[in-house]
Amino acid sequence: MYKLVIDYHTHTRYSHGKGSIQDNVEAARAKGLSKIAITDHGFNHIGFGMSISDIGKMRDEISYLNQKYSDIEILMGIEANLISVDGEIDIPEKYLDAFDIILMGFHKAVKPATLRDAWILFGRNGLDKLGIINHEKLRQANTSALTKALSRYPIQILTHPGAKIDIDSRALAKAAVKNNVALEINASHGFMTVEYVKIAMEEGANFVICSDAHSPGKVGDFEKGIQIARSAGVPPHRIINSYEYAEHI
Ligand SMILES: [Zn+2]
Ligand SMILES: [Zn+2]
């Protein structure tokens, strides 16, 4: 039912993936994909975020591979982190143009903009499961931070909405539609859930199914995401990495 031709979310050794850029590209070619994005973790990821000093080297490798292969297009991307309640992400303004595509998602173990942001985004969300935090207030703060980021930055894909923190999926879907951002159905950890996808679909959101591969063998492995999309009844032309979507625009 779904023919997916692009993998927009893959990691390499520039963050904590296992392969090189070339390894991911070869894997994508072997699976017959027409496009792949290299999207290592943002600079503020503690321990394994990509380095600003690697941007030039990564761009050179990607340009070389784009010249070498005529059967695949390679995008230089990043999976940026949310770092403040005001929707800041961990790409300094002057580096926004360094990327062909920007993905953004919520992750823990990230250096926040300020201590206050650390408390709200990481501290309170960490304590949430103990039941001592006003859950609804926290959920709204999480949602507001993410929606602000979508309107502040040229983000094309919101990765794994609902993973790691609770969100108001309807409000987030509305913001995604308004800012032309695709919501990711992540084939590696199964977020968004079928329930979230159904709500976002009602709001008119577009989706993208990504492997979130951390090793070359996983590039183009969309199976778990396809199952979620199928269960939620997402039509192929609403999935931006499908063959049908490309036909549709
Ligand atoms: Zn992620
Ligand atoms: Zn990822």
Side-chain angles (χ1 to χ4, degrees), residues 4 6-21 23-25 27-28 33 35-51 54-55 58 62 74-84 87-91 99-112 121-122 125-126 142-143 145-146 149-150 153 155-167 169 172 176 181-193 196-197 200 207-226 228 240-241:
L4 302 178
I6 306 167
D7 196 342
Y8 279 117
H9 185 173
T10 73
H11 295 272
T12 72
R13 287 198 285 263
Y14 282 105
S15 57
H16 66 155
K18 293 199 167 60
S20 65
I21 294 177
D23 293 338
N24 282 16
V25 172
L33 300 185
K35 204 188 274 191
I36 180 175
I38 304 299
T39 55
D40 280 303
H41 286 288
F43 310 118
N44 284 31
H45 225 115
I46 294 163
F48 51 77
M50 62 173 276
S51 306
D54 281 336
I55 290 177
M58 293 175 81
I62 288 169
I74 306 138
L75 302 179
M76 171 144 164
I78 183 168
E79 185 181 14
N81 296 295
L82 179 75
I83 58 166
S84 88
E88 280 168 88
I89 64 171
D90 60 348
I91 309 179
F99 300 97
D100 304 319
I101 182 168
I102 295 177
L103 283 53
M104 189 272 293
F106 181 87
H107 299 93
K108 292 172 183 163
V110 166
K111 190 168 157 281
L121 292 178
F122 307 118
N125 275 304
N142 292 339
T143 309
L146 286 167
L150 299 190
Y153 296 95
I155 293 165
Q156 283 104 325
I157 292 173
L158 180 61
T159 59
H160 44 70
K164 307 175 206 301
I165 49 167
D166 198 14
I167 48 156
S169 31
L172 195 59
V181 177
L183 299 173
E184 183 194 53
I185 303 172
N186 190 297
S188 152
H189 43 69
F191 278 90
M192 342 175 54
T193 60
Y196 278 7
V197 172
F207 302 92
V208 58
I209 299 176
C210 301
S211 71
D212 196 2
H214 284 71
S215 60
K218 291 280 185 186
V219 170
D221 182 350
F222 301 120
E223 202 39 52
K224 199 167 170 186
I226 287 175
I228 294 166
I240 67 163
N241 58 327

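Whatever order the structure lists ligands and atoms in, that order sets their numbers, starting from 1.
Every residue meeting the side-chain contact (heavy atoms from CB on, under 4.5 Å) condition with Thr193, not counting sequence neighbours, appears here in chain and number order: Phe191, Glu195, Tyr196. Every residue meeting the side-chain contact (heavy atoms from CB on, under 4.5 Å) condition with Ala176, not counting sequence neighbours, appears here in chain and number order: Leu150, Val181, Leu183. Scanning for side-chain contact (heavy atoms from CB on, under 4.5 Å) contacts around Lys35 gives Ile6, Tyr8, Glu73, Leu75, with sequence neighbours left out.
Between His9 and His214, the gap from one ring centroid to the other reaches at least 6.0 Å.
In this structure the side chain of Thr12 never reaches within 4.5 angstrom of the side chain of Asp23, judged on heavy atoms. With contacts defined as side-chain heavy-atom distances shorter than 4.5 Å, the pair Ile21/Asn24 does not qualify.
The set of protein atoms (N, O or S) found at less than 2.8 Å from the Zn ion (ligand 1) reads Glu79 OE2, His107 NE2, His160 NE2, by chain and number.
Distances from the Zn ion (ligand 2) show that His214 has no N/O/S atom below 2.8 Å.
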